[in-house]
Amino acid sequence: MAKVLVVEDEEALSQLLSYNLGKEGFEVATSFDGDEALMAVDEEKPDIVLLDWMLPNVSGVEICRRLRAQTETRDIPVIMLTARGEEEDRIRGLDQGADDYVTKPFSMSELVARVRAVLRRTRPTIAGDVATFADITLDRETCRVRRADRDIHLGPTEFRLLDVLMQRPGRVFSREQLLDRVWGHDVYVEIRTVDVHVGRLRKALNRRGEQDPIRTVRSSGYALDETYGGR
Ligand code: CA
């Protein structure tokens, strides 16, 4: 459930991208011009940026250059969206640090595949088959979870809950955010249901005397405890 920032000034294309990425389970933020894009990166902290080449105010390649010039944004992967025939632009884009490019017009399935591929390469905890946090591993393909040397048996809800928390260790997720990501937008679930499932997750993960990797943040929500080092 990575967050994608779509920087594209053509509204129809932006909507199409948002809709399709949302359907594939991505969180999507949008920005329509170059100035706004740099602010949006600061605010939204995206995991990946889809960057149109031709934008009002500041060009895509200039945005890419600026992202690469700052420590906080240097590692955010960028996929450039270029028009057909702009071969030179592509080379310049890659020169300025873009991770990949897609030529318009493109199919949504191609684009989603590229986004996943770049994320797998650059953000393995979010998009890879296996996520790791200290001595805990979660395998998305086989749905197996291990802590140190033992198998942890989780129900499907607890599995998704742990998956969400492991995507951003340290980040505090509110109960509403967890409801949204684990149960989905359309389902009506009481907010305290989250507490019940976090309780079950803890019970499955922790043996007596072991450190609890999940931190309850009073009146805010839950996070993976960054001080957790295993056992
Ligand atoms: Ca454009």
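Quick note: residue numbers are just sequence positions, from 1. Counting starts at 1 for both ligands and their atoms, following the listed order.
- Checked against Tyr222 for a side chain to side chain contact (heavy atoms under 4.5 Å, CB included), the options Arg215, Arg171, Arg175 give a single hit: Arg175.
- To the nearest 10 degrees, the angle centred on the Ca ion (ligand 1) between OD1 in Asp9 and O in Met54 reads 90°.
- Under the 3.5 Å distance criterion, the side-chain polar atoms of Asp52 are left unmatched by any main-chain donor or acceptor of Leu55.
- The Ca ion (ligand 1) sits nearest to atom OD2 when only the N, O or S atoms of Asp52 are considered.
- Coordination check, Glu8 versus the Ca ion (ligand 1): failed, since every N/O/S atom of the residue sits at 3.0 Å or beyond.
- Without hydrogens or angle criteria, Glu10 side chain to Ala12 main chain gives no donor-acceptor distance under 3.5 Å.
- Side chain of Arg140 to main chain of Val130: no donor-acceptor pair is present (N/O by atom type, distance under 3.5 Å, no hydrogens or angles).
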